[in-house]
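Report on the following structure.
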Amino acid sequence: MGDPVRWHCLKNTDAVAAEALSRIQHAAQQAIAARGRFSIVLAGGTTPEQVYRRLKDSDTDWSRWFVWFGDERCLPPDHPERNSLMAHHALLAHVPIPADQVFPIPAERGPQAAADAYEPLVASELPFDLVLLGIGEDGHTASLFPGHQHPDDRLVVPVFDAPKPPPERVSLTITALCAAGEVCVMVTGSAKRDAVQQWRQGVELPVAQLKCPAGIDVLLDAVVCEGIIPDGE
Ligand code: 6PG
């Protein structure tokens, strides 16, 4: 197995977005050519929004895309803090992906009911072609937070008492997130430096649990890399 974690230091947030964009476009082209379909898991938060805005101008057969979410906040579907609404405004409202091929997490139902409803759907799709993730200042990824325990046999879990608001969320587990041809983690901004440093020092942060069969690619901007990731690594 190759390097489990491949670190890619890029000039700035723009370069991170451009790199993520080209990886998604390449993975889509490969998957559609090979299997006639492309399944992607979208990340939440603010970092990927720029990628989604650029992605809408891609030259691809959108009718072959299947869109999933790595996590969601338990808020009404039209709440501005919903990851699904961010993705809708930045990408999904602008491209002809059939509505029944977009799978928002029904987080408005509450953590447990939403997780139980999403689990069999995810099970029917695995493996994904590409999973996109972010990382939080505390080393969380998706809605998997430090100190939270989740059963190993689940693909989707309810989250309570999340330190990042809102406290109630739903998240794919490491098992589901790693069941992918490609896993890409986007990391921008100085606030993420400590988490990356700890991750590289072997601290068992949630993001460090991503020991995926295909390995993972971490796209970082120079502000994060400086003094932490040696040039040319
Ligand atoms: C969420 C996200 C979360 C996010 C990180 C980074 O719903 O909050 O899925 O895991 O990716 O918190 O967030 P930013 O990109 O906004 O820094």
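Nothing here was measured: the structure is a model prediction, and the numbers come from that model. When a residue number appears, it is its place in the shown sequence, counting from 1. Values below: all heavy atoms of this structure, side chains included; hydrogens, waters and symmetry mates excluded. Just so you know, ligand 1 is whichever comes first in the structure, and atom 1 is the first atom listed for that ligand.
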### Query
Quick one: does K192 get within less than 4.0 Å of ligand 1, heavy atoms only?
yes

#### Entry: T188 heavy atom under 4.0 Å from ligand 1
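T188 does not count as a contact of ligand 1 under the 4.0 Å cut-off.
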
Going by the closest heavy atom to [atom], which one wins out of [options]?
{"atom": "atom 3 (C) of ligand 1", "options": "G44, A142, A43, G70", "answer": "A142"}
{"atom": "atom 8 (O) of ligand 1", "options": "E81, R73, M186", "answer": "R73"}
{"atom": "atom 16 (O) of ligand 1", "options": "V170, D138, T46", "answer": "T46"}

For the side chain of [X] and the backbone of [Y], is there at least one donor-acceptor N/O pair under 3.5 Å apart?
{"X": "Y118", "Y": "A107", "result": "no"}
{"X": "R73", "Y": "P165", "result": "no"}
{"X": "E72", "Y": "N83", "result": "yes"}
{"X": "Q209", "Y": "E204", "result": "yes"}

### Task
Any atoms of ligand 1 less than 4.0 Å from a non-hydrogen atom of I135? List them with their elements.
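In order of number, 5 (C), 6 (C).
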
### Query
Quick one: which ligand 1 atoms are inside 4.0 Å of a heavy atom on R169?
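This gives 1 (C), 7 (O), 8 (O) as the contact atoms.
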
### Query
Which distance, rounded to the nearest 0.5 Å, do you find between the OG1 of T141 and the CG of L205?
10.5 Å

### Task
Would you mind telling me if ligand 1 is within reach of the side chain of N83, the backbone, both or neither, using heavy atoms under 4.0 Å?
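Contact part for N83 vs ligand 1: side chain (C-beta onward).
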
### Message
With a heavy-atom distance limit of 4.0 Å, tell me whether E72 approaches ligand 1 through its side chain, its backbone, both, or neither.
### Response
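For E72, no heavy atom sits under 4.0 Å from ligand 1.
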
### Query
Hey, is ligand 1 close enough to G136 that some N/O pair sits below 3.5 Å?
no

### Message
Evaluate T141 for polar contact with ligand 1, using N/O atom pairs at a separation under 3.5 Å.
### Response
no

### Message
Strictly below 4.0 Å, N to O, side chains only: are K164 and E137 in salt-bridge contact?
### Response
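E137 and K164: not salt-bridged.
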
### Message
Give me the residue, atom name and distance of the protein heavy atom closest to atom 15 (O) of ligand 1.
### Response
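Going by distance alone, atom 15 (O) of ligand 1 is nearest to T47 OG1, 2.6 Å.
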
### Query
Which protein heavy atom lies closest to atom 13 (O) of ligand 1, and at what distance to 0.1 Å?
K164 NZ, 3.3 Å

### Query
Restricting to pairs with a member in residues 119-129, which pass salt bridge (charged side-chain N to carboxylate O under 4.0 Å, His left out), not counting sequence neighbours?
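Matches after skipping sequence neighbours: R35-D129, R37-E125, E119-R154.
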
### Message
Checking T60 now: which residues fulfil side-chain hydrogen bond (donor to acceptor under 3.5 Å, both in side chains) with it, not counting sequence neighbours?
### Response
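For T60, the residues satisfying side-chain hydrogen bond (donor to acceptor under 3.5 Å, both in side chains) (neighbours in sequence not counted) are W65.
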
### Message
For a 4.5 angstrom cut-off between non-hydrogen side-chain atoms, does I97 reach L92?
### Response
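I97 vs L92: side chains touch.
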
